[in-house]
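Just follow the structure's listing: the first ligand is 1, and inside any ligand the first atom is 1.
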Amino acid sequence: MESFQNPYGATLNRSQSLMSGLEKTSPTCNKPTHSRSSSTASSRHSRNIKDWEVMDDLQVDVTSGDNPQDLTIPGICEGYLLKRRKWPLKGWHKRYFVLETGILRYSKTQQDVSAHSLNYIFLGKLHGSLDVSLAVMSINKKSNRINLDAGDILYHMKAKSHDLFYIWVTKLSAHRMFKKNEAAQVHNGFLQALSQGTSVSSYQHYQSTTGSYMGEIAAPTLSEFPSVNPGVNGKVSAWLQQTHDPDSCAKELNRCQLDLSELNRLVQRLQSLEGGQQTFTNGELQRIISMQNLSLEKPKKSRSGKIWGHSRTMSRVEALGMLSSSHLNSSSQLGASVPSLPDYVPYIPDYVCSQLSPPTNTSAEGKKIQQDICTVSQRVHTSLKSVHEALAQERQRLQDTYHQSTKLAEVRVHTFMETGLVYNRPMSSRRTPSVTDSAAEYFDANDDVLNGSSSESDESGLSNRTTSNSEPEEGHASATREYRASISKAPNSVVPKNTGRRTTLPAHCPENAHVGLMQILYNNIGKDLSRVSMPAALNEPINLIQRLCEELEYSELLDTANNTQDPYQRMVYIGAFAISGYATAHYRNRYKPFNPLLGETYECLREDKGFRYISEQVCHHPPISACHADSDNFSLWQDQRWKNKFWGKSLEIMPTGIVNVTLPRFGDHYEWNKVVTCVHNVLSQQRYLEHYGEVIIRNLNSNMCTCKITFVKSRYWGSDTNKNEVQGTVLDQTGSVIHRFGGLWHEGIFCDTFPTPQCIWKPNPQPKDYYLYYGFSNFALELNELTPGLKPLLPPTDSRLRPDQRMLEDGRVDDCDKFKEEVEDMQRERRKQLAKKGQEHKPRFFKKAVDSSGRDVYLTNGTYWKFRENPGFANTNNLELW
Ligand SMILES: CC(C)CCC[C@@H](C)[C@H]1CC[C@H]2[C@@H]3CC=C4C[C@@H](O)CC[C@]4(C)[C@H]3CC[C@]12C
């Protein structure tokens, strides 16, 4: 593998194609024991995967650490990129990105950002921020896509052109390198200080020189605070009176302004002195791109007619010559951190070229001007520093006050709830619910979201909406805090004391921290996880078709819905049910359900809950699990298919099936989609699950109301308290909000627009020692129970009879591994036989159909319970799966 010298002096390997790793995975060599998934994966998919490259981690020589260039801060890069929407899964938002000192931030528009300070200030809402050195970076040259996966945060970005893509990749690589060096340096300084037994002053010194950007991630930005209520003038003046010398900041800033005009004059003078004599040496280009501040947007003509950065304009010819492929490919000694782009001569727009010119200073007069620039700059720096300090103090005060006031508000709302002061709102008024004063405070911020726009995107697939992309909103966060407080006060649902079912598993779950998940995942990139066989220690003794049944754990919500006259309130229960299915995921991130075999079935008869459920693995390619449940109060069916994507640190699971529920009493037929589930930090023990996106629930038989539920993506700076947020609204035909509800998907849902505000749903408490039993809930514990009475009634294809799964449940992990392999081999053999005969597998209890929207679906064919009763599965022809 070629190795290069990057602009900062460190040696690194050329980006390594992930696919090359995959290609090596032939059946004979390098194949891990547990990647026996089918090699006939969709060719389209694998072609796409081939185009992705993971940027190698840069090798930083920590020990030498004597290269002063190591800590040169690469120039800022800013401009619009497309950012993939979280919901709907297709389409991209245009977002304005700023990359500065290793931190990538973005907001909605360029106007949200101001560069008129030492650091970038986000005037509008800062949507997100990421330390690029902590992320796995993968790029796709063909589609100009860049992914950054930091485990907790995952950005999918796309450049508008290949040239911009090239610049961004160069910049990102430089900033990653810088950040890594910086971390190494801090680490070194610290170690040195410790080993010398001196105080850590050198470390502190380092911190004070680089402190402006260190730790930025953790510090909340001003935009985090809710907007100020206009009716608080009195409070503001009182506040200002306490502010320490408010005029001094203004004075300093005035002084700065004068100095800045002086600087502007000096810079212009310097430029006119040096005009046009610049040439670039071979290989310097990437260094220049890395080091210069670049604005990748066409400048809007400012008053001075100039854009910031160096303003010498290069001719198109000059630019092309400079950016010829010889500069960009691997022969460049500096072109290390960027993948080579052979046969490609990018056209860098003039307004970017004009910023690329490196500073030069040769003449004596030039030197003098430079000195002046330094002196004035230092003055500006001192002024701004003092302003910065004053503002920091102010921010601290604000922050303290803010925290105090939210605590107060909480207390107030609690009292409001406790005193039972409820408000009645005529439902007929059908307008956005008004809330009482005490609650109004925190709902104000919600309104724009509550009245959110439609989820249609424009033709280009681009959108500037922020209402339905599951990005966090501060207003919601505070609403959720209130809901949460109320939910925790609500009594726990009473778990029936004795269901006669088991309350624990026969054996503890195996320890699996040692299992080399990394190799398995890297070797199966792009493949469905549902096709990848994993070591038994990574499995839970539950099958995916059983796991689907878990979504019925809170079926009483559907019972309630079927007994609720008011269609809007009914919808709230349906919404809560849709959310409740996700609750168990909170405790379930260490193990993966078994992949069902084609033709495997599972039944769940719950007289106590009043429903019966069946499911079958109906298709292998792609894997599809179909299920159907009936009760006096509802019918539910869905077929579940999911795609998954592994981005280096996180695994995204995108289910595509639609859930259907009918309520016999009102003739309602609801249908809704599922959200994305992301397993963050999948390779480490800090693994956790997040759901994000939007669920839209429609009633196909009445357009009276719809429900919109947002699973909010947590913020990077979020404490645990803003994880797992959900917000829902029930809208009438005109789009007005009739109900709103929210909370956390693992803690419960509160609705404050009901005649009596109340907790709609709260998950059952986890059983004792659940951690030792795969994190299962009581309901999950019961799913695989096989009682002597039940055994003869089940078809032999029922998951309860699957030996490998039973072995795992009994704690016989090695036996399970062996048997699992056998079972999977048998399945392959069956498939071969079928293919030989030119036949296709046909599901036994489901039939293929097309739903009202033209989607392929699997519906029950109504035979399961009939066969079970008569003639009984012992007397039918059954598949032999194991
Ligand atoms: C590799 C292993 C050990 C890491 C753990 C992966 C676990 C957390 C993954 C593997 C398969 C995943 C499940 C696959 C499909 C669905 C259906 C979807 O509608 C809800 C999420 C859910 C239920 C996923 C939850 C997370 C899940 C269980």
* Identified side-chain contact (heavy atoms from CB on, under 4.5 Å) partner of His628 from the options Trp637, Phe845, Tyr613, Tyr858 -> Trp637
* Using the ring-ring contact (aromatic ring centres under 6.0 Å, His included) rule, pick out the option among Tyr774, Tyr773, Phe776 that qualifies with His508. => Tyr773
* To do: Measure from the side-chain N and O atoms of Thr729 to the backbone N and O of Leu731, and report whether any donor-acceptor pair falls under 3.5 Å.
  => no
* For Ser799, the option from Gln546, Arg806, Glu600 that meets side chain to side chain donor-acceptor pair (under 3.5 Å) -> Glu600
* Please check if a non-hydrogen protein atom sits closer than 4.0 Å to atom 8 (C) of ligand 1. => yes
* To do: Classify the angle between the aromatic ring planes of Tyr692 and His680 as parallel (below 30°), tilted (30 to 60°) or perpendicular (above 60°).
  => tilted
* To do: Among all protein heavy atoms, pick out the one at the shortest distance from atom 28 (C) of ligand 1; state its residue, atom name and that distance to 0.1 Å.
  => Arg547 NH1, 3.2 Å
* May I ask whether Arg590 has any heavy atom positioned less than 4.0 angstrom from an atom of ligand 1? => yes
* Asked: Any protein heavy atom under 4.0 Å from atom 22 (C) of ligand 1?
  -> no
* Can you tell which part of Pro593 has a heavy atom less than 4.0 Å from ligand 1: side chain, backbone, both or neither? -> side chain
* Asked: Shortest non-hydrogen contact from Trp647 to Asn147?
  -> CZ3-ND2, 2.6 Å
* Structure fact -> Check: of Val675, Thr677, Asn589, min heavy-atom distance to atom 5 (C) of ligand 1 comes from Asn589
* Specify the protein heavy atom at minimum distance from atom 19 (O) of ligand 1: its residue, its atom name, and the distance to 0.1 Å. => Lys674 CD, 3.3 Å
* Structure fact -> for atom 18 (C) of ligand 1, nearest protein heavy atom and its distance come out as Pro655 CG, 4.0 Å
* To do: Starting from atom 1 (C) of ligand 1, locate the nearest protein heavy atom and write down its residue, its atom name and how far away it is, to 0.1 Å.
  => Leu517 CD1, 3.7 Å
* **Nearest-neighbour protein heavy atom for atom 16 (C) of ligand 1, which is reported as residue plus atom name and distance** => Ile653 CG2, 4.5 Å
* **Arg802 to Tyr602 six-membered ring, cation-pi geometry met (6.0 Å, 45°)** => no
* Asked: What protein heavy atom sits nearest atom 2 (C) of ligand 1, and how far away is it?
  -> Lys592 CB, 4.3 Å
* To do: For Leu538, counting its heavy atoms only, list the atoms of ligand 1 lying under 4.0 Å from any of them.
  => 3 (C)
* Structure fact -> Checking heavy atoms under 4.0 Å, the part of Arg588 that sits near ligand 1 is backbone
* Do Lys713 and Glu690 sit within salt-bridge range, that is, some charged N less than 4.0 Å from a carboxylate O? -> yes
* To do: Mark yes or no for whether Arg687, through its side chain, and Val682, through its backbone, hold a donor-acceptor pair below 3.5 Å.
  => yes
* **Which segment of Tyr591 sits under 4.0 Å of ligand 1 when only heavy atoms are counted** => backbone
